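Notes follow the structure.
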Amino acid sequence: MKPTDVLRNLPSVNDLLNSPALKDVAERANRSVVVGRVRRFLDDMRQDIKQAADFHVPDAQELAEHIARWMVAADAPHLRPVINATGVLLHTGLGRAPLPEAAIDEIRKVSGGYCNLEFDLVEGRRSQRLRAVEHDLCELTGAEAALVVNNNAASLVLTLAALALDKEVIVSRGQLIEIGGSFRLPEIMEASGAKMREVGTTNKTRIDDFRQAASEETAALLRVHTSNYVVVGFTEQPALRELVALGREKNLPVIDDIGSGAMFDYGKYGLTDEPLISDSLQAGSDVVLCSGDKLLGGPQCGLILGHREHLDVIARHPLMRAMRVGKLTLAALAGVLRLYRENASAEHLIPVLSLLSTSLENLQNRAERLAPQLAAAEGVAAAEVIEDRACLGGGSLPSQSIPTYCVALTPDGQSVDHLARVLRSATPAIVGRVQNERLLLDMRTIFPREDRLIVQAVAQLSTDAENAHENDPQE
Ligand SMILES: *Cc1c(COP(=O)(O)O)cnc(C)c1O
């Protein structure tokens with residue numbers, strides 16, 4: 001058909017709205033939204049027809065069904081559950097730490113109605129919102145005072161803005177980190193209004209470099225945990241105790257950005273480089289900063305812990321108000337902290353820690369059970385169980401990797417990227433990692449309850465593919 005004939009034969013908006021497929025949708029949804037979408041769909045189609053040499057126009061019923069499917073897909077919530085088969089425990093793209101049940105319960109309890117977020121129920125007057133967590137944070141870490149903000153980048157900006165505006169903060173050239181592209185230490189420091197005074201070299205910085213740089217202009221000494229790289233070979237950084245001694249001598253606070261918020265020693269899981277909040281405070285840091293959604297295993301937030309003298313100054317800064325957390329975050333954090341306080345076995349109840357501590361034997365058994373079921377799936381030529389290394393965070397140290405087992409899928413016919421895309425389109429979406437032309441599903445980050453979901457989702461894909469073939473007249 002010629003484009004002009006095709007255009008003339010297009011069904012009208014009314015024809016489409018009255019066809020069975022859309023009538024249903026139009027009755028359930030807001031009518032003006034449905035009408036608007038049908039118009040937009042037809043407009044787009046007219047453009048396509050004008051540009052195409054030959055165009056097959058479906059009849060009104062077929063077209064209505066097509067539009068209805070398109071609308072259902074467009075209305076699906078953007079945020080949806082994902083099975084993390086990447087082997088990256090704290091994957092920023094996948095929302096970092098999954099929350100423990102206890103934290104989800106706390107959110108549910110306080111969020112459907114009103115709660116005493118900033119209200120003292122005994123005195124009947126306004127109170128402080130951080131009361132919900134301050135006591136637990138101090139008790140668990142040994143800090144004198146604690147603040148919570150939106151994330152750890154905010155902790156650093158706020159701390160520097162409050163303690164070092166227009167003054168110098170001394171930091172080693174070996175610790176000018178970039179994390180995940182959007183956190184670059186020099187830029188964060190500049191945004192805070194503090195002046196970065198870098199000392200030493202990339203590989204070697206001594207305490208004397210800090211001493212020589214300290215002047216009337218200095219407001220603080222900063223140490224930053226280099227969580228995603230290592231400088232090896234001929235290297236040196238001043239020990240925290242040396243920085244603390246210098247800080248005391250010059251009357252300058254020491255700020256320690258430790259990043260991951262480890263509550264206890266993870267050495268037994270093979271993670272040996274994660275500084276503990278309590279160790280840093282005990283060594284004499286004045287202010288310790290970390291993320292709530294890294295090894296702490298809680299909601300996204302930034303913790304500022306340390307001496308009351310400094311924390312009072314930080315709490316009074318106007319940016320504190322701009323970076324404050326909401327009741328959902330506080331409820332979740334309170335739930336996580338209670339697990340650390342009340343349970344010797346917190347590691348079994350905090351998802352990140354339970355994944356980290358799952359035995360290799362368990363991972364291997366589950367991988368061996370999954371492999372034959374996945375090998376039978378459409379588009380998969382072979383599924384083999386292999387040993388590999390998982391890791392803590394997107395850019396965490398290679399030396400911080402954790403042993404794991406994976407199911408390695410070899411694609412059948414199509415490319416490995418195609419197979420990866422197909423699994424990402426499953427329900428729930430499955431995100432693995434591509435390695436040597438195979439798609440690896442890493443058991444380290446898959447919860448045991450998800451094994452069955454993976455098999456079901458993959459089987460569903462095979463069924464969908466078969467149906468698609470049957471319905472396609474060209475095949
Ligand atoms: C992750 C990290 C940050 C940033 O924390 P967010 O909570 O992602 O804002 C800052 N400093 C260090 C050392 C980190 O590891």
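Counting from 1, the numbers follow the sequence of the chain as shown. As the structure lists them, so they are numbered: ligands from 1, and atoms in each ligand from 1. As a basis for the values below, the full set of heavy atoms in this structure was taken, side chains included, without hydrogen atoms, waters or symmetry mates. What you are looking at is a predicted structure, and each value in this text was computed from that prediction instead of being measured.
Ionic pairing of R197 and E217 is not present here: no N-O contact between side-chain nitrogen and carboxylate oxygen is shorter than 4.0 angstrom.
Under 3.5 Å, the side chains of S285 and S280 contain a donor-acceptor pair of N or O atoms. For the 3.5 Å distance criterion, the side chains of T86 and N84 qualify, holding a donor opposite an acceptor. Of the N and O atoms on the side chains of T235 and N203, not one donor lies less than 3.5 Å from an acceptor on the other residue.
Within 4.0 Å of ligand 1, protein heavy atoms belong to R96, N151, N152, A153, I177, I179, F183, H225, S227, D257, G259, S291, K294, listed by chain and number.
Judged by distance alone, the side chain of S425 and the main-chain N or O of V422 form a donor-acceptor pair under 3.5 Å. A donor-acceptor pair under 3.5 Å is formed between the side chain of R129 and the backbone N or O of V325.
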